[in-house]
Amino acid sequence: MMSTDQACPKMELVMQSVVAKTRNYFESEHGTPMVDVDSGAVEASSQAQLDMTAIVGLGGRVNLWAVFSFQACLVNAVHAWMTVGFQDEPEEVERHRQAAIGEWVNTILGHCTQDFGHLDKQGVPLTPPLMMDPDNVFPEMQITVFSRRYLSSRYGRLNISLVRPQAVFPPGRPDAPR
(Lines give C-alpha, C1' and ligand atoms only; values in the text may rest on other atoms or scores of the structure.)
Protein backbone atom coordinates (compact mmCIF):
# COMPACT_ATOMS: atom_id res chain seq x y z
CA MET A 1 0.00 0.00 0.00
CA MET A 2 1.34 3.40 -0.94
CA SER A 3 1.52 6.09 1.72
CA THR A 4 -0.35 9.35 1.33
CA ASP A 5 2.95 11.20 0.89
CA GLN A 6 3.80 9.02 -2.11
CA ALA A 7 0.27 9.15 -3.56
CA CYS A 8 0.09 12.94 -4.07
CA PRO A 9 3.14 13.28 -6.37
CA LYS A 10 2.00 10.17 -8.25
CA MET A 11 -1.47 11.63 -8.83
CA GLU A 12 0.01 14.97 -9.85
CA LEU A 13 2.28 13.24 -12.38
CA VAL A 14 -0.63 11.25 -13.82
CA MET A 15 -2.87 14.33 -14.01
CA GLN A 16 -0.16 16.46 -15.63
CA SER A 17 0.36 13.77 -18.26
CA VAL A 18 -3.36 13.34 -18.97
CA VAL A 19 -3.92 17.08 -19.30
CA ALA A 20 -0.83 17.55 -21.51
CA LYS A 21 -1.79 14.65 -23.82
CA THR A 22 -5.39 15.86 -24.00
CA ARG A 23 -4.32 19.39 -24.93
CA ASN A 24 -1.80 18.06 -27.44
CA TYR A 25 -4.41 15.85 -29.12
CA PHE A 26 -6.97 18.62 -29.56
CA GLU A 27 -4.37 21.16 -30.68
CA SER A 28 -2.32 18.98 -33.05
CA GLU A 29 -5.11 16.85 -34.49
CA HIS A 30 -7.90 19.44 -34.73
CA GLY A 31 -6.38 22.89 -34.21
CA THR A 32 -8.50 23.28 -31.09
CA PRO A 33 -6.87 24.67 -27.95
CA MET A 34 -8.07 23.29 -24.61
CA VAL A 35 -7.65 25.76 -21.77
CA ASP A 36 -7.89 25.27 -18.03
CA VAL A 37 -11.03 26.64 -16.48
CA ASP A 38 -10.39 27.96 -13.00
CA SER A 39 -12.26 25.65 -10.64
CA GLY A 40 -13.58 28.74 -8.88
CA ALA A 41 -15.17 29.84 -12.16
CA VAL A 42 -17.09 26.55 -12.48
CA GLU A 43 -20.54 26.96 -10.99
CA ALA A 44 -20.94 25.20 -7.67
CA SER A 45 -24.11 23.60 -9.00
CA SER A 46 -22.22 22.29 -12.04
CA GLN A 47 -21.83 18.54 -11.82
CA ALA A 48 -18.46 16.87 -12.28
CA GLN A 49 -20.41 14.37 -14.36
CA LEU A 50 -21.41 15.99 -17.61
CA ASP A 51 -23.30 14.45 -20.54
CA MET A 52 -21.04 11.45 -21.25
CA THR A 53 -18.55 9.93 -18.84
CA ALA A 54 -15.91 7.26 -19.41
CA ILE A 55 -13.85 5.63 -16.67
CA VAL A 56 -10.60 3.75 -17.24
CA GLY A 57 -8.65 1.94 -14.56
CA LEU A 58 -4.90 2.46 -14.43
CA GLY A 59 -3.56 -0.65 -12.75
CA GLY A 60 -0.38 -1.77 -11.11
CA ARG A 61 1.24 0.59 -8.68
CA VAL A 62 -0.53 3.57 -10.26
CA ASN A 63 -3.87 2.15 -9.03
CA LEU A 64 -6.19 5.00 -10.04
CA TRP A 65 -9.32 5.46 -12.07
CA ALA A 66 -9.22 8.21 -14.69
CA VAL A 67 -12.68 9.71 -15.18
CA PHE A 68 -13.35 11.76 -18.32
CA SER A 69 -16.67 13.58 -18.45
CA PHE A 70 -17.67 15.44 -21.63
CA GLN A 71 -20.29 18.00 -22.53
CA ALA A 72 -22.50 16.72 -25.35
CA CYS A 73 -21.20 19.28 -27.87
CA LEU A 74 -17.62 18.06 -27.30
CA VAL A 75 -18.78 14.43 -27.65
CA ASN A 76 -20.39 15.39 -30.96
CA ALA A 77 -17.14 16.96 -32.19
CA VAL A 78 -15.02 13.93 -31.22
CA HIS A 79 -17.59 11.61 -32.82
CA ALA A 80 -17.56 13.66 -36.04
CA TRP A 81 -13.74 13.68 -36.20
CA MET A 82 -13.47 9.96 -35.59
CA THR A 83 -16.18 8.92 -38.05
CA VAL A 84 -15.39 11.08 -41.08
CA GLY A 85 -16.86 9.36 -44.12
CA PHE A 86 -18.83 6.88 -42.04
CA GLN A 87 -22.61 6.87 -42.41
CA ASP A 88 -24.32 6.22 -39.07
CA GLU A 89 -27.69 4.55 -39.09
CA PRO A 90 -29.95 6.62 -36.82
CA GLU A 91 -30.34 3.78 -34.32
CA GLU A 92 -26.53 3.37 -34.09
CA VAL A 93 -25.52 6.99 -33.48
CA GLU A 94 -25.44 6.81 -29.66
CA ARG A 95 -23.45 3.57 -29.66
CA HIS A 96 -20.95 5.10 -32.10
CA ARG A 97 -20.68 8.28 -30.03
CA GLN A 98 -19.79 6.16 -26.99
CA ALA A 99 -17.34 4.08 -29.04
CA ALA A 100 -15.63 7.27 -30.30
CA ILE A 101 -15.23 8.59 -26.75
CA GLY A 102 -13.97 5.21 -25.54
CA GLU A 103 -11.41 5.06 -28.34
CA TRP A 104 -10.33 8.66 -27.68
CA VAL A 105 -9.83 7.94 -23.96
CA ASN A 106 -7.84 4.77 -24.78
CA THR A 107 -5.62 6.74 -27.15
CA ILE A 108 -4.91 9.51 -24.65
CA LEU A 109 -4.17 7.14 -21.76
CA GLY A 110 -2.08 4.87 -23.96
CA HIS A 111 0.16 7.83 -24.77
CA CYS A 112 0.26 8.80 -21.08
CA THR A 113 1.66 5.46 -19.93
CA GLN A 114 5.00 6.53 -21.42
CA ASP A 115 5.09 9.39 -18.91
CA PHE A 116 4.34 7.39 -15.78
CA GLY A 117 5.32 3.85 -16.73
CA HIS A 118 8.41 4.17 -14.53
CA LEU A 119 6.12 4.04 -11.48
CA ASP A 120 5.68 0.29 -12.04
CA LYS A 121 8.35 -1.88 -13.63
CA GLN A 122 5.65 -4.42 -14.53
CA GLY A 123 3.91 -1.82 -16.70
CA VAL A 124 0.65 0.05 -16.23
CA PRO A 125 -2.30 -2.01 -17.44
CA LEU A 126 -5.44 -0.18 -18.57
CA THR A 127 -8.99 -1.45 -18.25
CA PRO A 128 -11.36 -0.98 -21.18
CA PRO A 129 -13.38 2.23 -20.89
CA LEU A 130 -16.57 1.88 -18.88
CA MET A 131 -19.27 4.29 -20.04
CA MET A 132 -21.29 5.63 -17.13
CA ASP A 133 -25.02 6.12 -17.37
CA PRO A 134 -25.50 9.84 -16.57
CA ASP A 135 -28.76 9.04 -14.76
CA ASN A 136 -27.02 6.51 -12.49
CA VAL A 137 -23.99 8.36 -11.11
CA PHE A 138 -22.57 6.75 -8.01
CA PRO A 139 -22.73 9.13 -5.04
CA GLU A 140 -19.23 8.00 -4.04
CA MET A 141 -17.89 9.78 -7.14
CA GLN A 142 -18.69 13.16 -5.64
CA ILE A 143 -16.74 12.67 -2.43
CA THR A 144 -13.72 10.55 -3.41
CA VAL A 145 -12.10 12.65 -6.09
CA PHE A 146 -8.43 13.25 -5.37
CA SER A 147 -7.68 15.51 -8.30
CA ARG A 148 -9.86 17.26 -10.87
CA ARG A 149 -9.16 19.54 -13.82
CA TYR A 150 -11.67 21.40 -15.96
CA LEU A 151 -10.71 22.00 -19.59
CA SER A 152 -12.67 23.99 -22.12
CA SER A 153 -12.60 24.45 -25.88
CA ARG A 154 -14.82 26.06 -28.46
CA TYR A 155 -16.61 22.67 -28.62
CA GLY A 156 -17.36 22.40 -24.91
CA ARG A 157 -16.01 21.33 -21.55
CA LEU A 158 -14.15 18.22 -20.41
CA ASN A 159 -13.76 17.34 -16.73
CA ILE A 160 -10.90 15.00 -15.84
CA SER A 161 -10.84 13.41 -12.40
CA LEU A 162 -8.59 10.89 -10.67
CA VAL A 163 -10.06 8.66 -7.98
CA ARG A 164 -9.11 5.53 -6.06
CA PRO A 165 -10.89 2.46 -7.48
CA GLN A 166 -12.04 1.04 -4.15
CA ALA A 167 -13.61 4.41 -3.35
CA VAL A 168 -15.62 4.46 -6.58
CA PHE A 169 -16.74 0.84 -6.44
CA PRO A 170 -16.79 -0.58 -2.91
CA PRO A 171 -15.53 -4.19 -2.70
CA GLY A 172 -18.16 -6.71 -3.59
CA ARG A 173 -20.36 -4.26 -5.45
CA PRO A 174 -21.85 -6.26 -8.35
CA ASP A 175 -21.45 -3.50 -10.93
CA ALA A 176 -17.74 -2.97 -10.18
CA PRO A 177 -15.51 -3.53 -13.22
CA ARG A 178 -13.27 -6.54 -12.97
Side-chain angles (χ1 to χ4, degrees), residues 1-4 6-30 34 48-71 74-75 77-79 81-83 94-134 136-138 140-142 144-151 153 157-178:
M1 189 86 182
M2 187 167 293
S3 76
T4 305
Q6 292 172 319
C8 289
K10 173 181 70 171
M11 279 187 256
E12 187 170 319
L13 173 67
V14 171
M15 183 60 85
Q16 286 174 353
S17 176
V18 171
V19 168
K21 300 298 187 212
T22 296
R23 285 182 167 155
N24 184 48
Y25 170 85
F26 280 102
E27 181 71 37
S28 65
E29 296 292 322
H30 304 290
M34 292 293 279
Q49 304 301 308
L50 299 171
D51 301 306
M52 186 176 289
T53 300
I55 299 176
V56 173
L58 304 169
R61 300 190 103 189
V62 174
N63 191 31
L64 295 170
W65 287 95
V67 181
F68 295 83
S69 195
F70 297 78
Q71 281 186 316
L74 185 56
V75 172
V78 171
H79 172 253
W81 296 330
M82 295 185 87
T83 59
E94 186 58 23
R95 185 172 66 87
H96 292 157
R97 288 174 76 236
Q98 289 183 2
I101 291 301
E103 184 61 30
W104 181 87
V105 168
N106 269 338
T107 300
I108 295 300
L109 290 176
H111 289 292
C112 289
T113 58
Q114 298 169 13
D115 295 341
F116 50 78
H118 68 281
L119 296 173
D120 190 335
K121 292 178 183 171
Q122 302 287 321
V124 179
L126 303 175
T127 66
L130 171 66
M131 303 308 287
M132 298 297 294
D133 179 351
N136 189 19
V137 175
F138 298 109
E140 296 92 340
M141 290 288 291
Q142 300 302 318
T144 59
V145 174
F146 288 100
S147 180
R148 179 174 291 139
R149 293 284 288 275
Y150 303 98
L151 301 176
S153 76
R157 198 169 94 208
L158 168 61
N159 296 345
I160 303 171
S161 304
L162 297 177
V163 298
R164 289 263 185 239
Q166 62 271 24
V168 177
F169 299 104
R173 188 165 179 162
D175 51 355
R178 302 194 197 298

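Residue numbers run from 1 in the order of the sequence given.
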Which residues share a ring-ring contact (aromatic ring centres under 6.0 Å, His included) with Phe116, sequence neighbours left out | none
Worked verdict on Thr22 versus Ile160 for side-chain contact (heavy atoms from CB on, under 4.5 Å) | CA-CA 10 Å; Thr22 296; Ile160 303 171; 4.0 Å; yes
Work out which heavy atom in Ala100 is nearest to a heavy atom in Val78; give both atom names and the distance.
-> O-CG1, 4.2 Å
Does Met34 offer a backbone N or O that forms a donor-acceptor pair with the side chain of Arg23 under 3.5 Å?
-> yes
Flag side-chain contact, heavy atom, 4.5 Å: Arg97 against Met131 = no
Check the angle between the aromatic planes of Phe70 and Trp104 and answer parallel, tilted or perpendicular using the 30° and 60° thresholds.
-> perpendicular
In sequence, state the C-alpha distance, the side-chain angles, and the governing distance for Leu126 and Leu58, and then conclude on side-chain contact (heavy atoms from CB on, under 4.5 Å).
-> CA-CA 5 Å; Leu126 303 175; Leu58 304 169; 2.9 Å; yes
Derivation and outcome, side-chain contact (heavy atoms from CB on, under 4.5 Å), residues Leu109 and Phe68 = CA-CA 11 Å; Leu109 290 176; Phe68 295 83; 3.9 Å; yes
Who are the salt bridge (Lys or Arg N to Asp or Glu O under 4.0 Å) partners of Glu103, not counting sequence neighbours?
-> none
If you take all heavy atoms of Leu74 and Arg157, which pair is closest and at what distance?
-> CD2-O, 3.7 Å
For the side chain of Ser17 and the backbone of Leu13, is there at least one donor-acceptor N/O pair under 3.5 Å apart?
-> no
Nearest atoms (heavy-atom pairs only) where Ile108 meets Lys21 = CD1-O, 3.6 Å
Intermediate values then yes/no, side-chain contact (heavy atoms from CB on, under 4.5 Å), Tyr25 and His30 | CA-CA 8 Å; Tyr25 170 85; His30 304 290; 3.0 Å; yes
Report yes or no: does Ser69 contribute a side-chain atom to a donor-acceptor pair with the main-chain N or O of Thr53 at less than 3.5 Å?
-> no
Could I get the full list of ring-ring contact (aromatic ring centres under 6.0 Å, His included) partners for His96, not counting sequence neighbours?
-> Phe86
